Every structure is written in structure tokens, then in C-alpha cells.
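Note that the structure is predicted; figures quoted are calculated from it, not measured. Note: hydrogens, waters and symmetry copies are ignored here, and every other heavy atom, side chains too, is used.
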Amino acid sequence: MRRQARRWKGSVVSSAPSFLERHEFLLRRLHSLAGLVPVGAYMMVHLAVNASVFGSPRIFQRLVFHIHSLGPVLPLVEWTFIFLPIIFHGAFGLFITTGVKPNIEAYPYNSNLRYTLQRATGVIAFLFIFWHVFHMHGWFHNHFWVTYVAHPLMGAEFSPYNAGSSAALAMQASFLVPVLYTIGILAVVFHFSNGLFTLGITWGIWISPTAQERAKLLANVVFVIFAVAGMASIVGLYSMSQEKIAEVRAEEDEAYKVLVETGDIVPNPEKHSPLSEYAPGKHSDAEESDVEEGE
Amino acid sequence: MIAHANKPKTFFVKILRQDAPGKPSYWEKFELDYEPELNVISVLQKIAAKATTAGGQKTTPVCWDCGCLEEVCGACTMVINNKVRQSCSALVDKLLEDGREIELKPMSKFPVVRDLYVDRSRMFNALKKVKAWIPVDGYYDLGPGPKQSRGDQEMAYPLSECMTCGCCVEACPQYSKIELTPNVGETPEEFEDRKVDTFNRNFVGAAAISQVALFNLNPTGKMNAGERLDALTEEGGIQVCGNAQNCVAVCPKKIPLTMSIGRIGRAVTFNTLRKWFDRPAKKH
Amino acid sequence: MADKRVLVVGGGLGGLSATMKLAELGIKVDLMSLTPVKRSHSVCAQGGINSVNDATRQLGDNEYKHFDDTVYGGDFLNHQPPVYEMAMWAPKVIDLMDRLGVTFNRTQEGFLDRRRFGGTLYKRTAFAGATTGQQLLYALDEQVRRWEVEGLVKKHEMWDFLGPILNDNGQCVGAVAQDLFSMEIKSFKADAVVVASGGCGLIYGRSTMSMTCNGSAASRCMQAGAKYGNAEFIQVHPTAIPGADKLRLMSESARGEGGRVWVPRKPHDSRAPKEIPDSERYYFLEERYPEYGNLVPRDIATREIFDVCVNGGLSVEENRQCVYLDLTHIEASELNRKLGGILDIYRKFQGVDPCYTPMRIFPAVHYSMGGLWTNYDKKESGGLIAGSPKNQATSIPNLYAIGEVDYHYHGANRLGANSLLSCIFSGLFVAPGLETLLSNQGPGSVAAEQPQSLYDEAVKKQQERHESLLKQSGEENPYLIHQEMGALMTNAATVVRHNNQLEEAIGKLADLKARAWKCSLSDTGTWSNQNVLFTKAMQDMFPIAEAILKGALARDECRGAHYKPEFQLPGLTAEDPAEHRRQAEEWCDKFEQNIQKFLKTSVSTYDGKDVTISYEDVDTSIEPPRPRFYGLVGAEQISEVWQERKKKKKEAAQAAVTN
Ligand SMILES: Cc1cc2nc3c(=O)[nH]c(=O)nc-3n(C[C@H](O)[C@H](O)[C@H](O)COP(=O)(O)OP(=O)(O)OC[C@H]3O[C@@H](n4cnc5c(N)ncnc54)[C@H](O)[C@@H]3O)c2cc1C
Ligand code: HEM
Ligand code: HEM
Ligand code: SF4
Ligand code: SF4
Ligand code: FES
């Protein structure tokens, strides 16, 4: 909107360019880079990890334990390498998108369609990720927030120490959840795969038309791979029966017990599903320790 | 051969007109007798000679821009049936394949001077911004230029065909219109400065980026490659491109614009890093 | 010289090269053009630009031969010193353009590639794909943009030059011009004005030229008193694609690859060409010239096509003159391989594939050899004195002309790829002369010293013309008058000229002229009024049109592009050797008489009402004129006689010196 105001008739040009104007090139390049690392890289790992739930909730839980073995530094890692880059990339992406008029009806070419979808999926991704992180992770692990804000709004449903079972329940909370996830995943995965293609032009990796055509093909392959991975985890979680969930939960609790004993993970009742035998209030050992997650 | 038999006796041309900058635009419809082998320029010539609308009302001739009528001068760009192109190569027989009406609009990314005539000075300004020339010592006889490989010539030649027609930027979703009017109390010089400043701070567009690719390929031009790349990392530089690739799809000269964008994208990255680490420019 | 300024009118190759060289010399330039200079007509040139080069030199070529080809091609009507100078400069001009980044085609070793063009035996022509003119123009445009950034050049694009401003001494001290958008009429002070406004093809209605080639600037100089030279010499290209808006060039190579030219024997046969059986087709070139067939020389092809349509009434179409150029008997794949590029032009603009449907073509006006009369300062050793302010000066002091609008490089006929050269050369060459002019300009002639009233008066006069045009009421439509003028000129003064037709045309032109001042405008607005600008340009076409017709009428001979069948020297008919020899002698006598009478520049002047023609001698001091024989019967015998005479003259001259 700032741009609009300056462009249109009459108004005086501010002679001192703003921060955004002075560093437009740098910011755009950082934006592009952030799309690949860490955000894109995270997405790939994340979807791969999640896909494992389709085959084996046990592997999934093991991978999640692995991540959570970071213990108290995890939030710091999450914020620095995941949340802030996504927020930067997303917010700057929205800024780039506003004020641009798509012209796909007049110029219905493949690349223009991709360009338009890149922006549309960016917006969907923004909404999806905002909701999705709230839904699963909750954004903050402050006790008050989780109990009085997140949970009542169907947020923070995921319990890392009961990864498969809680994720499955979260996915089954309503038929809308898998629907929204499907839309979100397809949007994000398209956004990422096409982003790879455009990133290659932006940074001059594929230059000739032939190279670009091949890169486009590659991007489509990436799309298919991660779309399948995403769908696999949704199907895996949504189709898990109640009996199976209970079974998985029991296994998770079992594993938890072993890992706490070996000292690989820090006990934390907040990371358990309320249905777990280690859930807050159920098991006396771990009751006092929600301080670590306070943010 | 296009069959003339099934052509209508007459056809309509709908033109989005505007009497002067800042004035409202309005549609006017003209009816013309069908003749084979017309193009949009000859249609406009006929309208100018007749100056009567389809409703039989006298009107002013439509104002438009043209020059070579061979698709080399770049003057006659307009939006024909919603797509930007050169009107001299827009054949009526082809346009009538989808109906009895042809719709003409001025380019939407440039200020309208009158009717279909737009002011593309922003594009010429971009050529100044990126220093699109070979900085020779002078015009005295200093012998021949440097030898160049056939491969380099074949790479450069298509780029050098750019006729600043503006199709690429008209179709580019990242290129937005700039229309300024003088402020009260502003001298023409001040207005001009403000205009140039505004142009320089908004997207240069694919044509200018491709010209940088052209001059940075030339053995002499290369010596100042850095300056041109610097210009493209200022505000409104190459970073604004969103890779919609419409530019290359509509360029009437089939200039490989996205290739230039890729090549320059790479060059600006290295150039910026080199500057950041205070390294001298690449030796050639 | 800080405050001195030069105004350059026109930003084609001529105007831009002058501007850039002037800026290099530190002279401030105002550059005026009807279009952004990058869109000037020079972009259209396809073929290339000539110069002697290292490769041709080793085959025996040199600057003198380039000079000789040019004056021979121009039928010796060219003034020789400037042509000589141009030929000497040609290699340097190409070196410079190469340095400026023109994307000339390369050999595999990386040198400039060359091709052969008409009128010479050597591969002199450097080229950049099929858009040499465009590439040359852009290189100059870029340099001028550089000077614009440096502040030495100020562009006034979308301004129409309305005429020079002369002071009481008849010196040019500036110009009046009109903004195409705001319609503002303004005076420009200038210590010298250079007109580089290109050709005047629009006088013929449609031609191969751009829409800005209306000759208005030249006419306005002529109306201010400048002399106009060789108006009647207009080059016509045999094969162009007739379009409703323009006649686009179709390269001769289509005939070279086996294209056959024909018309239906039945006038305006309405059948599709493929349905017309061979027996009902008239392959007139093959029938009339069994030896050469479709590959007769350019001028003969032009004349015959013209003759079949205009005099024979056999045009393919009733309302438009054209003949078939047929390639359909050749395999499409072969055509596309050999002629792809040029066939694409036809496909693009006609929407028809010439591989399957015969092309419709007709000769088209292509170039004006004539133009504003200009002077030169000759060196004893041949060539010109560099830096002399006389070079390229028109008959109005301080008013200069270069490029196509100047008349003295191409004589009666221009060779292919020589025009781009003459444009750039004359632009580069005029600059040092202007520098001398400006530094020697005495008091009284400097623009800054002229009374303001002089400029105000000039603006007022143009303002009055403008306003009276807007107010004018009458029956006439300027566009239709232009169409009529085009048809009139095309019929009377292109390829084949007959005195009765020319006389008639002069009368008709006078009527048209009277009507041209009775136009009422459909647009009387005050913003971007193309209607009034067009009407002015159209009215200003009349003096040049009249000069062309009158010049053609007065010239009772055949020379270069000017062809009058009644006055053609016939070929030799006799079988008997002695008689044959006698005829050859007679031929040479006639030829010499003709030189005496017509080897002269025609000079047109305009007194405000009429054009008057007078004649000036042509400087043939470097290479004496000799006959040109194109397919003339008995050419060998004539040539022999001519050589003998030449030898005798030389001996006589030597004897005179030794005595
Ligand atoms: C189709 C075609 C192909 C050709 N191919 C070749 C070739 O291969 N080789 C070759 O040597 N030659 C060729 N020629 C000839 C050559 O292109 C021209 O002779 C040459 O370009 C003329 O250049 P110029 O600088 O004199 O004028 P132009 O390029 O015509 O420029 C004229 C300038 O004057 C301006 N102007 C005109 N009137 C006014 C006015 N009233 N007020 C203000 N400005 C005005 C115009 O805006 C323009 O900037 C070809 C010509 C044609 C038509
Ligand atoms: C099949 C689809 C997906 C499933 C089942 C899924 C599942 C989960 C789960 C269970 C969490 C919580 C992890 C935790 O709190 O430790 C989570 C967090 C998160 N997800 Fe997803 N996710 C999916 C797709 C995506 C996609 C496409 C993105 C976009 C990049 C994404 C981004 C995130 C982010 C940013 C977090 C929070 C960071 C974190 O907790 O480590 N997710 N997701
Ligand atoms: C949060 C919401 C998001 C928004 C609004 C958004 C927006 C955008 C936009 C507008 C672009 C185009 C930039 C340009 O053309 O200059 C873009 C590019 C990109 N995005 Fe996103 N994006 C978001 C999330 C993501 C995510 C989650 C990923 C990774 C999984 C991602 C990866 C990329 C990549 C790789 C690019 C390509 C960069 C380039 O072309 O140089 N984005 N994004
Ligand atoms: S790049 Fe193509 S579309 Fe753009 S201005 Fe040049 S010729 Fe026109
Ligand atoms: S590739 Fe870039 S310059 Fe070309 S149309 Fe797309 S955004 Fe515009
Ligand atoms: S008139 Fe020159 S490009 Fe159409």
C-alpha cells in the first residue's frame, strides 16, 4: 500500500528511500533462500517424518523422540530455525503478493499459471501453517496458554511423547481436519516444488530454455513425491482405528519409560497425551516439571 | 489460404478511447467493410479516413502510434482482443476467426497520451539506468573491434533485436503502471526529475534486464559489466521479477528473455558477493 | 563555444551519427524527431552495409573500386568527390560500428562475415542477420543515450519540424517545431541546423518505407528556399508484398530459387491460382526474355511487371495491381530450408503460406536518390577536405542535410547496402565541419544575438497556419487526397515514364493541390491531433511531388532509375560487320551527346507557388562517365568503340600537357 501511495498522482516522492527500498535486492534474495533453507528443508524432513506414521507409528514416535531429545533448547531451535524463517518468508511473501494483479485470463500460459499459483498457494500456506501449528503444536507451550486458549480452540493437540496416537486423534477430530490438511499440504508442496523451479532461475542455476524445461519436470517430480508423502501421513493418521490408537499409545508409553531410564529424554508430562498413563495428574513423578516449557 | 467466402460483409472494431491523460476512457464502435488481407493498422487508417462510428455519428480519428509496419520499430504495440501485441502484424482475417468484433485497447502499463497512443518513456529511461551501451573511447578511427566467436554472436544477436515495444512489460504481472502528473508549483524540470526518480525505483522490466545480458556479453561491454549489474540490484532491479515468464511468451521478437533473466540472476549474485567480500571484479 | 548549439532534425542513422560525433566534439545538440529515435525508419534496412575489407582487397578490390561501382551504379550522376571520400571511409565506418557493439555476423575465426550484394563482384557487405539497419541504428541510439546522460544531447522526440528560421541575411538561426502531444509550437535557437529526415516514400501513398518518411522536413526546407536535387530519381524495388497499409520488401532470392512470375491470361481471373491451367497462365518474363526467364535484372523485372499490370491490364486483382510469384512447384521442405526467413515475412503479414499458394507481389517505391541539394569542399587529389563547413551544406547558410534526405551520393540509382553507409558517413563527416563553422561564426550570425522577434514571428506564422487549418471548412478529406496523390504518383512517376502521362499528372497534381487546401478536419482538438499534423505533412508533399514530376518530364533520357522508353538508345541491329561497327559509332555519338545534355543534376526550387527546374554540372573529375549496358544487344561492339575513344582522348590530353 505504501507503494500505491507513492505511485499515484500528485503525492510527493519521499526522497529518502525506506529500509525495504534500499535493501530490496538483499531481502528478496533472503526470502528466496529462506524458502529453500531452512523452511523448505524443514518441510521435506517434516513430511518425511510424518509419512513414516503410515507405515509404522513406532518409527514415527522414535523420530519424534529423537527431535525432542533436545529437551529445553528445542523451543529455541524451533523459533530460530523454523518459526522465524517461516514468518519472515511468509510475511515478506504476502507483502510481495499484495499490489500485484494476476493476468492469467489474458495470458493463460503454463509459467504464468505457476506464477499465479505460487502466490495463491503462498497465501493458503500462510493460513494453513498458522492454523496447523496451532492445531498440532499450539505455538507456545506455556501452561496457561495451552490449557485455557489452545485446547479449548482445538489447538496443541499433539503430544510429542504420544506422537502417533495423539496425531491420529487430532486428525480425526473432525472430517474437516483431513480436508483442510489435504488442501494445505497440496498447496505447500506445490509452492515448494515450483519455488525450487523459480529459485533456480532467480539464482541462475538453470538458464537456457531447455534447462528450465527439465527443471520444471524435476519440480513436478518433487511435487509428486512430497504430495504422496503428505497424503500418506494424512491417510495413515485418519484411518487409524480407536483400538489401534490405544495400542499405539501403549507402545509409546512403553518406549517413553525405557528412554527416560536411559536418560535420552527429559520427562515432561505436558508432552504426553491426556490419555497416556504419564499424562499430567496421572503419574506423580513428572508432575512438577512444566517449567521448562514456559515461554 | 484463408477462405474469404465465409467472411462477413462487415465487421466491428471496438476501441477503448481516451481524449487526453486524466480524462475518462470510453468505448467506441466502428463498422468496416470486410476486405481480405487487412491488418489492424490498415483498419485504423480506414477509421481515420472515415471518422464515423458504427452508429453513424461523426467522431475524431483514433490516435495511435506506428512506424515501420514490419514489426521492427516497436511503435505500434496495443492490446488486441485482450492480448498485447504489435498491431501491424495483427491480421484481421485471423482475428475474425473468433467472431465479428475486434477489440483494441491501449497498453495498460503506460500512461495513455490519447486513445491507443501511450507514453513509454519509462522503458527508454530503464535503458539509461542500466547503462545499455558500449562505453567506447571515442569515434575516431581506432581500428576494428575485438574479435568475437560465432557462438557469442549467435547468443547476442537475438538479444540485440529488442525494439523496446513493451509487450514484455505489459504482460508482466510484476510491472505496474506509473502515471504521474505535475504538482502545483512544480517546474517542468522538477517534474521530470521526480518522474525519473520514480521510474528508477520501480521494476526495470525484462527488456532492460535482457539488454544488460547483451552488453555484458560484448568483449568491450564486459569491462563495465559490474556497473550494469549494480544498477540491476538497486530498487526496482532484477529481484522484482517473479518468474511468471509471460514476457518471453509475448515478445514479438522471440527474445529469450527468461534466459537473460537467469543469466543475469546468477551474475548479480556473484557480483554482489564479490562486492560484499571486497573482491576485485572478475578478469576477462 | 559553450553556448553554441546545433539542432539535428531526424534520428535515423544520419542524424544519430552526427549527434554522437558532435557531442564527442563537445558541441551541445538538440535532437528532434517525429518518433523516439530508436524507431526511425533506418530499422527497416535488412541487407547490410558495404566496405572494402581485408579479404576483398586480396582479390583485387580497393576503395577506388568501391567508388567506381557506386558511380557506375548511379549512372555517373553522383558527384564524385563525396562518393570518393565515402568509399575511403567505408572500412573505418564499419570498424567503428563493430566497436560500438553491432552484432555483425562472424566467420568461424571471429572476423566480420561478408556477403555479396548487387552491382559488385566483391563480398563487401557486412551484415547482422536480416536486420542490419536495426542493429546499426541501435548502436548509434545507445551512444546518443550515453551523451544524453552526460548532458550534451537533449532529445525532443515527438516533435514535428515545421521549418528553418532564417535571419535577414538568409542564414539559418534555428527552427520552428510542434509538439505532437501538446500541439505547442515553439522556436529552437540553433547556430546550425542539420536535417536528417530520411526519404519521402509516402508521397507515393504506400512504399517500402515507414510512416514517418513523408518528406515533410525536406519540403519545409525547400519552401524556405533550399534547393532540391535530382528529385526525379526514385528507386523502385521489383518485388514487394502489396499490403493495404504498406508494401513490404520481398527479397529477390525467391526468384533466384526458382520462383516463376505469371498472371492469368484472362484479366482478373477470379479462380484460385491453382485452378488456372498452365495454358491460361501468362509467364510473361519467361516469354519475353526466353534467355534470362524470371532472372532478368532487377530494373527489367520491375518494368515488365509494371507494364503487364498498368499497360496490359492483366493484374491479378481488379482493384489492386499485383502479379503472382509462384514457388508452389517446389517442395515445401526445400523452400523452408532455403528461404524460410523471407517466406516467414509473407506468412506473418499475409497469413498465407507461399509454399502452397502463389505470392502476390508488385514493384514498390523503395528509396529516393534525390534530396536536399548539398555542397562539398573538394580536395585536389580527389575526396573532400575534412572539417570544411561547406561539406553537406544546403543552399541556405548554416542549414545542412545528411542521410537519405541529402542528394549527392547515389546519383541516378543506389546500390544495395550503400545507403546505410552514406547515412553514417555523412553524419560523422558533417560534425567536424560544423565545429569549424561554429568556431568561426562571426558576429551577427550567432543565434544568441538574433532578435527574439525573429523567433516569435516564425512561431506566430506557424501558429496561424495551424489555426487556420483547424478552422478550415471544405469538402475534402486529407486522407483521401493523400491516397489520390499516391495513386497519381505511382502511375506516372515510378518505373516507366512517358511524357504524356507526366504532363497529365502535373495537371492533376495541381488540381489536387488546390483541393488539399480545402480540407476540413474531422478532429479540431488541441491535444495530440494527428489529423492536423497529417494534413500539414500531406500539404507539404506537393512541392516535392511536383519536383519529381517536373524533373522527370524534363529529363528526356534513360538514366538509372529514370526510364523513358521513347528515349532509350536502341541496341545494334545490323548483321553486317561494317554496318554493325557504324551503328556502334553512332550509338557512342548519341551517348556522348546525351552526356552533354543530361549528365546534369536537376535542381528544383520552390517559389511558394511553383517548382522550377534548372540544371547544374555533375563533378565527374575522378572517373569519366561510360555507358552501362544491361542486356543491350551489341554491347561488346559498343564497348570496343568506347574504349578506343577513351584511349584517344587520353592521348590527346597527354599531348596537350607535354606541349
Ligand atoms: C525496406 C528497406 C530496406 C532497406 N535495406 C537497406 C540495406 O540493406 N542497405 C542499405 O544500405 N540501405 C537500405 N535501405 C535504405 C536505408 O534504410 C535508408 O536510406 C536509411 O535508413 C535512411 O536513414 P536516414 O538516417 O537518412 O533517415 P531515417 O532513418 O529515415 O530517419 C529519419 C528521421 O527523421 C525524422 N523526421 C522525419 N521528418 C521529420 C519532421 N518533419 N520533424 C522531425 N523529425 C522528422 C524521423 O523521425 C526519423 O528520426 C532500405 C530501405 C528500406 C525501406
Ligand atoms: C501430512 C501433513 C502434516 C502432518 C501430519 C503434520 C504434523 C505435524 C505435527 C504432528 C506437528 C507437531 C510437532 C511438534 O509439536 O513437535 C507439526 C508441527 C509443525 N508442522 Fe506439520 N504436519 C504436516 C504438514 C506440514 C506442512 C506441509 C508444513 C509446512 C511447512 C508443516 C509445518 C509445521 C510446523 C512449522 C510445525 C511446528 C514446528 C514444530 O513443531 O517442529 N507441517 N506438524
Ligand atoms: C507462509 C506462507 C508463504 C508465503 C506467503 C509465501 C510466499 C511466497 C512468494 C510470494 C514467493 C515468490 C517470491 C518471488 O517470486 O520473488 C515464494 C517463493 C518461494 N517460497 Fe514461499 N511462501 C510461503 C511459505 C513457503 C513455505 C512453507 C515454503 C517451503 C516449503 C516456501 C518455499 C518457497 C520457495 C522455495 C520459493 C522460491 C523462491 C524463489 O523463487 O526464489 N514458501 N513464497
Ligand atoms: S524484449 Fe521483446 S517484448 Fe520486450 S520490448 Fe524487447 S522486443 Fe518488445
Ligand atoms: S519472468 Fe519476470 S519479467 Fe518476465 S513476465 Fe515474469 S515477472 Fe515479468
Ligand atoms: S509499426 Fe513498427 S512494429 Fe508495428
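- In summary, the side chains of B:Asn243 and A:Thr202 do present a donor paired with an acceptor at a separation below 3.5 Å, with no hydrogens or angles considered.
- Residue with the most contacts toward chain B among A:Asn103, A:Val100, A:Ile205: A:Asn103 (heavy-atom pairs, distance under 4.5 Å).
- Most heavy-atom pairs under 4.5 Å with chain A, from the set B:Ile264, B:Leu232, B:Val268: that is B:Val268.
- Chosen from B:Arg263, B:Glu234, B:Gln174, the residue pairing most often with chain A at heavy-atom distances under 4.5 Å is B:Gln174.
- Proximity to chain A is limited to the side chain of B:Thr272, based on heavy atoms less than 4.5 angstrom apart.
- When atom types are taken as modelled, the side chain of B:Asp197 and the backbone of B:Asp193 share no donor-acceptor pair closer than 3.5 angstrom.
- Salt bridge annotation for B:Arg201-A:Glu21: present, with a cationic side-chain nitrogen under 4.0 angstrom from a carboxylate oxygen.
- With respect to chain A, the highest number of heavy-atom pairs below 4.5 Å among B:Val79, B:Ile261, B:Asn81, B:Thr269 belongs to B:Thr269.
- Ion pairing of A:Glu213 with A:Lys216 is present here, as a side-chain N (NZ or NE/NH1/NH2) and a carboxylate O approach within less than 4.0 Å.
- Looking only at distances, a side-chain donor or acceptor of B:Arg266 sits under 3.5 Å from a matching main-chain atom of A:Gly204.
- Between chain A and the options B:Gly265, B:Ala244, B:Cys172, the largest number of non-hydrogen pairs under 4.5 Å is found for B:Ala244.
- Figure legend: cation-pi geometry between B:Arg122 and B:Tyr175, with NZ or CZ positioned under 6.0 Å from the six-membered ring centre and within 45° of its axis.
- There is no contact between B:Glu186 and chain A, counting heavy-atom distances below 4.5 Å.
- For the residue pair A:Asn110 / A:Arg114, a side-chain donor-acceptor distance below 3.5 Å is found, with atom types taken as modelled.
- Proximity to chain B is absent for every atom of A:Glu105, based on heavy atoms less than 4.5 angstrom apart.
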So A:Phe128 and A:Tyr181, ring-ring contact (aromatic ring centres under 6.0 Å, His included) or not? Walk me through it. CA-CA 8 Å; A:Phe128 168 72; A:Tyr181 267 79; 5.4 Å; yes

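- Heavy-atom distances place no part of B:Val248 under 4.5 Å from chain A, backbone and side chain included.
- Only the side chain of A:Arg29 comes within contact range of chain B, with at least one heavy atom under 4.5 Å from a heavy atom of that chain.
- Looking only at heavy-atom pairs under 4.5 Å with chain A, the residue among B:Ala249, B:Ala171, B:Gly237 that has the most is B:Ala171.
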